[in-house]
Amino acid sequence: QVQLVESGGGLVQAGDSLRLSCAASGRTFTSYYMGWFRQAPGKEREFVAAIKWSGLRTHYADSVKGRFTISRDNAKNTVYLQMNSLKPEDTAVYYCATSASVDYSGAYYDTTQYAVWGQGTQVTVSS
């Protein structure tokens with residue numbers, strides 16, 4: 001069973017940058033996808049970015065495209081989310097998750113495709 005632990009959240013000002021990390025323990029496969037999602041108070045959890053463990057495919061939500069970059073370090077079993085030009089509307093709890101089915105379904109944005117989730121890390125962007 002894979003376990004995920006996020007880190008790197010914090011309080012920053014608009015325009016600043018943060019890098020989130022998601023360390024995976026347990027067995028992973030190159031066909032697995034890793035996703036970042038976020039949930040703001042009173043809102044549904046939404047897709048942010050996803051990457052195949054092989055690194056050959058990445059996907060982004062329109063709201064973060066050009067500002068956020070997802071990457072992975074296979075040697076460290078870690079996925080990163082580099083967030084630049086942060087905005088107050090990026091404030092949320094950020095979760096990483098892993099999926100064995102996205103490679104077949106193509107639904108990288110669908111939370112139900114992800115079976116294992118981390119505990120989340122808070123990102124707060126002040127204006």
Side-chain angles (χ1 to χ4, degrees):
Q1 178 75 1
V2 177
Q3 292 185 322
L4 305 174
V5 178
E6 303 99 332
S7 61
L11 171 62
V12 297
Q13 293 186 331
D16 285 351
S17 298
L18 275 177
R19 189 177 79 159
L20 305 184
S21 300
C22 174
S25 61
R27 194 173 182 184
T28 59
F29 298 90
T30 56
S31 61
Y32 280 23
Y33 267 78
M34 294 295 295
W36 283 99
F37 292 79
R38 66 187 181 187
Q39 188 166 18
K43 295 188 177 182
E44 292 188 354
R45 193 168 298 188
E46 65 174 5
F47 168 73
V48 175
I51 187 169
K52 195 170 179 179
W53 262 117
S54 66
L56 295 178
R57 292 184 182 178
T58 58
H59 307 277
Y60 296 93
D62 288 343
S63 59
V64 307
K65 205 170 289 184
R67 299 188 298 122
F68 291 11
T69 303
I70 189 170
S71 62
R72 90 280 180 263
D73 184 332
N74 288 349
K76 295 183 178 180
N77 252 16
T78 299
V79 174
Y80 303 99
L81 185 67
Q82 178 66 44
M83 306 186 295
N84 298 331
S85 303
L86 282 162
K87 304 176 181 179
E89 50 263 44
D90 294 319
T91 295
V93 177
Y94 283 70
Y95 299 89
C96 67
T98 186
S99 171
S101 60
V102 167
D103 200 35
Y104 302 98
S105 70
Y108 54 83
Y109 47 84
D110 186 353
T111 59
T112 65
Q113 297 291 316
Y114 294 81
V116 180
W117 293 79
Q119 83 288 353
T121 185
Q122 176 71 47
V123 172
T124 303
V125 185
S126 64
S127 57

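Owing to the predicted nature of the structure, the values given are computational and were not obtained by experimental measurement.
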Can a side-chain donor-acceptor contact be found between [Y] and [X] if the only test is distance below 3.5 angstrom?
{"X": "Ser105", "Y": "Gln113", "value": "yes"}
{"X": "Ser17", "Y": "Asn84", "value": "yes"}
{"X": "Gln122", "Y": "Thr124", "value": "yes"}

Sequence-distant partners of Trp53, ring-ring contact (aromatic ring centres under 6.0 Å, His included), two or more places apart: none
Output yes when a side-chain donor or acceptor of [X] lies under 3.5 Å from a complementary backbone atom of [Y], and no otherwise.
{"X": "Thr91", "Y": "Val125", "result": "yes"}
{"X": "Arg72", "Y": "Ile51", "result": "no"}
{"X": "Arg38", "Y": "Val93", "result": "no"}
{"X": "Asp110", "Y": "Ala107", "result": "no"}
{"X": "Glu6", "Y": "Cys22", "result": "no"}

Around atom CD of Gln3, are there more than 12 heavy atoms of other residues, nucleotides or ligands at under 6.0 Å? no
Dump the intermediate steps for side chain to side chain contact (heavy atoms under 4.5 Å, CB included) on Leu18 and Val123, then the final yes or no. CA-CA 9 Å; Leu18 275 177; Val123 172; 3.9 Å; yes
If you define the side chain from C-beta out and look only at heavy atoms, does anything of [X] sit under 4.5 Å from [Y]?
{"X": "Tyr108", "Y": "Tyr60", "answer": "no"}
{"X": "Tyr80", "Y": "Leu20", "answer": "no"}
{"X": "Thr98", "Y": "Trp117", "answer": "no"}

Take Tyr95 and Gln39 through the side chain to side chain contact (heavy atoms under 4.5 Å, CB included) test and state the conclusion after the steps. CA-CA 8 Å; Tyr95 299 89; Gln39 188 166 18; 4.2 Å; yes
Using a strict threshold of under 4.0 Å (side-chain N to carboxylate O), is an ion pair present between Asp90 and Lys87? no
According to a 4.5 Å side-chain heavy-atom criterion applied to Ile, Leu, Val, Met, Phe, Trp and Tyr, with indirect links allowed, do Val64 and Leu81 form part of one hydrophobic cluster? yes
Given the rule that I, L, V, M, F, W and Y join up when any side-chain heavy atoms are under 4.5 Å apart, are Met34 and Val48 in one cluster? yes
Would you say the rings of Phe37 and Tyr94 are close, in the sense that their centroids are separated by under 6.0 Å? no
Between Tyr32 and Val102, does a side chain to side chain contact (heavy atoms under 4.5 Å, CB included) hold up when you go through it step by step? CA-CA 7 Å; Tyr32 280 23; Val102 167; over 6 Å; no
Listed partners of Asp103 passing salt bridge (charged side-chain N to carboxylate O under 4.0 Å, His left out), at least two apart: Lys52
Mind running side chain to side chain contact (heavy atoms under 4.5 Å, CB included) on Val5 and Gln119 for me, showing each step along the way? CA-CA 7 Å; Val5 178; Gln119 83 288 353; 4.2 Å; yes
